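Below is one structure; the comments refer to it alone.
Just so you know, these numbers come straight off a predicted model, no measurement behind them. When a ligand or atom number is given, it counts from 1 through the structure's own listing order. What's counted below: heavy atoms across the whole structure, side chains too, no hydrogens, waters or symmetry copies. Positions are given from 1, in the same order as the sequence printed here.
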Amino acid sequence: MVFAHDTEVALASAAALVNTLGVHDSTDRLTSVDDVDDFVRTWDFTGSRTHDEAELQAVRELRHELLRLWTCADVDVVAEGANHLLASAAALPQLVRHDGWGWHLHATTPDRPLATRMAVEAAMALVDVVRSDELGRLRVCAADDCEDVHVDLSRNRSRRFCGPTCGNRTNVAAYRARRSGAARPA
Ligand SMILES: [Zn+2]
Ligand SMILES: [Zn+2]
């Protein structure tokens with residue numbers, strides 16, 4: 001394990017939230033309260049919900065800041081950004097235990113707005129990334145036609161693609177390129 005379990009889950013969910021922006025195909029995947037519901041269910045977010053437009057907009061807004069921090073490749077910028085998210089939320093780290101999860105950190109209470117809790121969870125994970133000097137693990141997919149972000153949690157820091165689909169597609173393309181290169185007369 002590279003980071004504590006809750007940090008790894010938080011990074012994966014932050015990446016998934018950023019990827020709802022659909023940068024590479026210009027298709028936003030978080031455009032309705034239903035989309036927020038799906039995301040919250042998929043990533044097991046607990047706590048209060050308002051299920052309204054304001055909540056949707058706040059979560060949508062957060063994605064841009066997380067994308068900026070994920071892709072800036074500057075540890076000072078990430079440190080400042082994480083601090084800013086934590087300060088704006090008046091975050092207060094506490095160990096908690098709930099819903100079958102063992103002791104882990106929360107830095108907000110369940111009554112805070114969803115976007116605030118998401119921001120703080122992501123910021124706390126970024127704190128871990130920065131102080132472990134592991135910023136290089138926050139990646140953008142290496143496939144030519146994909147801009148999705150992911151966190152590389154592999155032991156040897158070898159993960160280049162957001163998922164197997166992009167990896168396979170890129171490998172097939174490289175194989176075809178090699179073959180057509182070999183078939184060409186010298
Ligand atoms: Zn929790
Ligand atoms: Zn990809």
W101 vs H104 aromatic rings, parallel, tilted or perpendicular, using cut-offs 30° and 60°? tilted
Verify the distance test for H24 against the Zn ion (ligand 2): any N/O/S atom under 2.8 Å, yes or no. no
Regarding S32 and D34, do their side chains bring together a donor and an acceptor under 3.5 Å, going by distance alone? no
Minimum-distance atom from the Zn ion (ligand 1) among N, O or S atoms of H98: NE2
Just by modelled atom types, is the M124 backbone N or O under 3.5 Å from a matching donor or acceptor in the T7 side chain? no
For the Zn ion (ligand 1), the closest N/O/S atom belonging to H106: NE2
Between SG of C162 and SG of C166, what angle is found at the Zn ion (ligand 2), rounded to 10 degrees? 100°
What is the minimum heavy-atom distance between W103 and L95, and which atoms define it? CZ3-O, 3.5 Å
